[in-house]
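Since the structure is predicted, the reported quantities are computational estimates derived from the model, not experimental observations.
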Amino acid sequence: MTDSWVNSAEILGSDLPLELSGTGNRRALLMDALREAVRSGRLAPGTRLPPYRSLAADLGLARNTVADAYAELVAEGWLAARQGSGTRVAERAVPVTPVHRPRTPERATRPVHDLVQGQPDPSVFPRTAWLASARRALAAAPDDAFGPGDPHGRPELRRALAGYLARVRGVRAAPERIVLCSGAAHGLRLLAEVVGGPWAAEEYGLPFHRALLASHGVGTRPLGVDADGARVDGLTRRDRAVLLTPAHQFPTGGPLHPGRRAAVVDWARATGGLVVEDDYDGEFRYDRQPVGAVQGLDPEHVVLLGSVSKSLSPTLRIGWMVLPQRLVGPVVTAKGEREQFSSATEQLTLADFVESGAYDRQVRRMRQRHRRRRDQLVAALERRAPHIRVTGIAAGLHAVLDLPPGTERSAVRAAAWQGLAVEGLADYLHPGSEDAGRADAPRDGLVVGYATPAESAYPEALEALCRALPPG
């Protein structure tokens with residue numbers, strides 16, 4: 001271990017001082033340079049760095065800029081600082097040999113914090129109430145529940161869902177219109193097989209859903225999205241169906257405007273097309289009552305897709321399709337002669353869970369929790385990054401942080417350095433979006449899920465997020 005410190009050229013190489021004189025975030029550039037010097041081996045473990053005052057003078061930077069960079073790299077584990085010993089490269093900061101090989105799951109580093117959208121915190125699953133429902137359901141189950149399953153799904157759950165969806169989401173459907181499935185993806189597969197293509201879809205949405213439809217020979221054409229939701233005036237007679245998220249556009253947020261709800265139903269009536277309504281988080285609205293389902297406007301031209309993946313757990317593999325009468329038979333035929341996707345005992349348990357009021361209580365509990373999480377996110381941004389606008393926060397399990405143009409990819413990379421898993425808005429953009437009728441360039445943003453982290457980890461996750469955001 002050497003007691004004499006290295007100079008700025010040894011730390012930064014020959015090119016970086018020019019970059020530091022530019023207009024970028026100088027602290028972030030300095031941190032990147034120091035990390036690269038360690039990775040490349042220019043700075044060996046134990047090497048003593050110059051005092052921050054000396055390095056600041058060499059580079060023409062503010063002392064606080066260098067001090068903050070040192071402090072953050074100490075927190076990340078790249079550097080080590082001891083009173084009286086200065087700042088050194090951490091002993092565990094071994095240089096990385098530049099061998100180009102694909103990352104395998106074994107080599108991948110698991111993020112410290114998870115702010116990826118779509119996953120509820122598994123620790124809040126209502127185990128006691130679910131177990132009580134399971135006991136009651138099994139005690140009362142008829143003998144045929146333990147035989148070959150009906151592809152329609154258990155009648156007990158279809159009756160319970162018909163009542164619940166009518167009361168909470170304004171759905172108009174008898175139990176005979178409901179076909180159970182293993183989730184929204186399973187429902188889309190069945191509809192792709194029965195309806196055929198092409199479909200229209202919102203220009204922002206789950207790539208998995210678009211890929212799933214494509215794998216069944218159904219291409220998707222993007223519809224522009226703005227503050228009022230999908231621009232349904234772009235629908236044509238050639239479209240066989242349109243996939244929408246009317247309650248809370250995914251992932252940009254906001255409900256479909258009432259005028260556009262009426263317009264998409266008019267399109268379906270005039271063309272014989274089908275509206276596929278993905279009701280992925282319709283129950284989680286925070287500032288007023290949930291928006292009713294489009295299905296209530298015309299049950300013969302709208303399919304409602306729902307599941308318990310957000311409200312309870314994705315491991316239950318229970319979803320539902322509320323279908324027009326003409327599609328019930330073809331969908332059941334496509335599903336097969338027997339139920340092979342969802343457990344009959346779990347269907348019976350969910351039926352009791354809904355009928356007993358436990359499901360309503362769980363949704364209320366999660367709504368309060370998610371609203372508190374959302375408010376914490378907004379407060380953290382107001383305090384640490386007031387220049388960042390947060391949108392899509394009236395409902396759901398995630399928010400969108402609008403970023404300055406051209407900064408999304410660097411923000412995602414900065415988040416990864418902070419040990420934070422978060423996704424950019426571009427990850428959800430349809431590859432054909434330039435044809436979606438959008439008047440301006442795609443937005444830069446981060447899609448921040450606030451449901452997954454444990455209570456104790458959430459504040460630290462927000463701090464990591466704020467450190468990753470571009471400066472104002």
(message) Donor-acceptor pair, distance only, cut-off 3.5 Å: does the side chain of D444 make one with the backbone of T407?
(response) yes
(message) Keeping H430 on the side-chain end and T220 on the backbone end, is there a donor-acceptor pair under 3.5 Å?
(response) yes
(request) State the CG-CG distance between L115 and L377, to the nearest 0.5 angstrom. (result) 8.5 Å
(message) Looking at V447, is its backbone amide N or carbonyl O close enough to the side chain of Q117 to form a donor-acceptor pair, meaning the two atoms are under 3.5 Å apart?
(response) no
(request) Dump the intermediate steps for salt bridge (charged side-chain N to carboxylate O under 4.0 Å, His left out) on D32 and R35, then the final yes or no. (result) CA-CA 5 Å; D32 285 345; R35 294 190 193 102; 2.8 Å; yes
(request) Report yes or no: does H387 contribute a side-chain atom to a donor-acceptor pair with the main-chain N or O of P470 at less than 3.5 Å? (result) yes
(request) Taking the side chain as every heavy atom from C-beta outward, state whether R210 and P431 have any pair of such atoms under 4.5 Å apart. (result) yes
(message) Is any side-chain heavy atom of L316 closer than 4.5 Å to one of F125?
(response) yes
(request) Could you tell me whether a side-chain N or O of H370 sits under 3.5 Å from a main-chain N or O of F284, the two making a donor and an acceptor? (result) no
(request) Find the distance between CZ (F208) and CG (L188) and round it off to the nearest 0.5 Å. (result) 8.5 Å
(request) Measure across L312 and P120 and return the closest heavy-atom pair with its distance rounded to 0.1 Å. (result) O-CG, 4.3 Å
(message) Does E408 form a salt bridge (charged side-chain N to carboxylate O under 4.0 Å, His left out) with R443? I'd like the steps, not just the answer.
(response) CA-CA 9 Å; E408 178 180 309; R443 296 163 56 185; over 6 Å; no
(message) So which atom in R373 and which in P453 form the shortest heavy-atom distance, rounded to 0.1 Å?
(response) NH2-O, 2.5 Å
(message) To the closest 0.5 Å, what do you measure between CG (L244) and CG (L235)?
(response) 7.5 Å
(request) Measure the shortest side-chain to side-chain distance between P246 and V294 over non-hydrogen atoms and say whether it is less than 4.5 angstrom. (result) yes
(message) So which atom in P126 and which in F353 form the shortest heavy-atom distance, rounded to 0.1 Å?
(response) CG-CZ, 3.6 Å
(message) Can a side-chain donor-acceptor contact be found between Y359 and S311 if the only test is distance below 3.5 angstrom?
(response) yes
(message) Closer than 3.5 angstrom, by distance alone: can the side chain of D239 be matched with the main-chain N or O of T236 as a donor-acceptor pair?
(response) yes
(message) Tell me if the CD atom of E460 is crowded by more than 12 foreign heavy atoms within 6.0 Å.
(response) no
(request) Using modelled atom types only, decide if a donor and an acceptor are shared between the side chain of E203 and the backbone of V225 within a distance under 3.5 Å. (result) yes
(message) Rounded to the nearest 0.5 Å, what separates atom CD in E202 from atom CG in D278?
(response) 9.0 Å
(request) Measure across V400 and L425 and return the closest heavy-atom pair with its distance rounded to 0.1 Å. (result) CG1-CD2, 4.3 Å
(request) State, with a plain yes or no, whether a side-chain heavy atom of Y204 is found less than 4.5 Å away from one of L429. (result) yes
(message) Go through it in stages, so that I can follow the logic: the residues are L49 and L55, the test is side chain to side chain contact (heavy atoms under 4.5 Å, CB included), and I'd like the CA-CA distance, side-chain angles, deciding distance and then a yes or no.
(response) CA-CA 9 Å; L49 299 184; L55 188 58; over 6 Å; no
(request) Mark yes or no for whether Y70, through its side chain, and T87, through its backbone, hold a donor-acceptor pair below 3.5 Å. (result) no
(request) Report the C-alpha distance between Q376 and Y450 in whole Å, list the side-chain angles of each, state the deciding distance to 0.1 Å, and finish with yes or no for side chain to side chain contact (heavy atoms under 4.5 Å, CB included). (result) CA-CA 9 Å; Q376 286 179 265; Y450 46 74; over 6 Å; no
(message) Looking at every non-hydrogen atom in both residues, tell me the closest pair between L420 and A464 and how far apart they are.
(response) CD2-C, 4.1 Å
(message) Can you tell me how far apart CG (L256) and OG1 (T245) are? Round to the nearest 0.5 Å.
(response) 8.5 Å
(message) Atom CZ of residue position R238 - does it have more than 12 heavy atoms of other residues, nucleotides or ligands inside 6.0 Å?
(response) no
(message) How long is the straight-line distance from OG1 of T452 back to OH of Y458, given to the nearest 0.5 Å?
(response) 10.5 Å
(request) May I ask you to test the W320-C181 pair for a side-chain heavy-atom distance under 4.5 Å? (result) no
(message) Could you go through D226 and R260, starting from their C-alpha distance and side-chain angles, then the distance that decides it, and tell me whether this counts as salt bridge (charged side-chain N to carboxylate O under 4.0 Å, His left out)?
(response) CA-CA 12 Å; D226 59 23; R260 295 185 182 181; 2.8 Å; yes
(message) Angle between ring planes, Y280 versus H248, binned at 30° and 60°: parallel, tilted or perpendicular?
(response) parallel
(request) Check the pair R369 / E455 against salt bridge (charged side-chain N to carboxylate O under 4.0 Å, His left out), numbers first and verdict last. (result) CA-CA 10 Å; R369 185 176 189 271; E455 290 287 350; 3.3 Å; yes
(message) Going by side-chain hydrogen bond (donor to acceptor under 3.5 Å, both in side chains), D279 matches just one of Q295, K310, R169. Which one?
(response) R169
(request) Please assess V378 against E382 for the test side chain to side chain contact (heavy atoms under 4.5 Å, CB included), listing each intermediate value before the final yes or no. (result) CA-CA 6 Å; V378 172; E382 289 177 347; 3.7 Å; yes
(message) Any non-hydrogen side-chain atom of L305 less than 4.5 Å from a side-chain atom of V276?
(response) yes
(message) Measuring only between side-chain heavy atoms, which start at C-beta, is D360 closer than 4.5 Å to Y164?
(response) yes
(request) May I ask you to decide if C466's main-chain N or O and R384's side chain share a donor-acceptor pair within less than 3.5 Å? (result) no
(request) Quick one: do R361 and R364 satisfy side chain to side chain contact (heavy atoms under 4.5 Å, CB included)? Show the steps, please. (result) CA-CA 5 Å; R361 291 190 292 272; R364 286 195 299 270; 3.2 Å; yes
(message) In the structure I gave you, are the side-chain heavy atoms of L465 and L401 within less than 4.5 Å of one another anywhere?
(response) yes
(request) Heavy atoms only: give me the nearest P314-S309 pair and the separation to one decimal. (result) CD-O, 3.4 Å
(request) Determine yes or no for a side-chain-to-main-chain donor-acceptor pair under 3.5 angstrom, with H216 supplying the side chain and V218 the backbone. (result) no
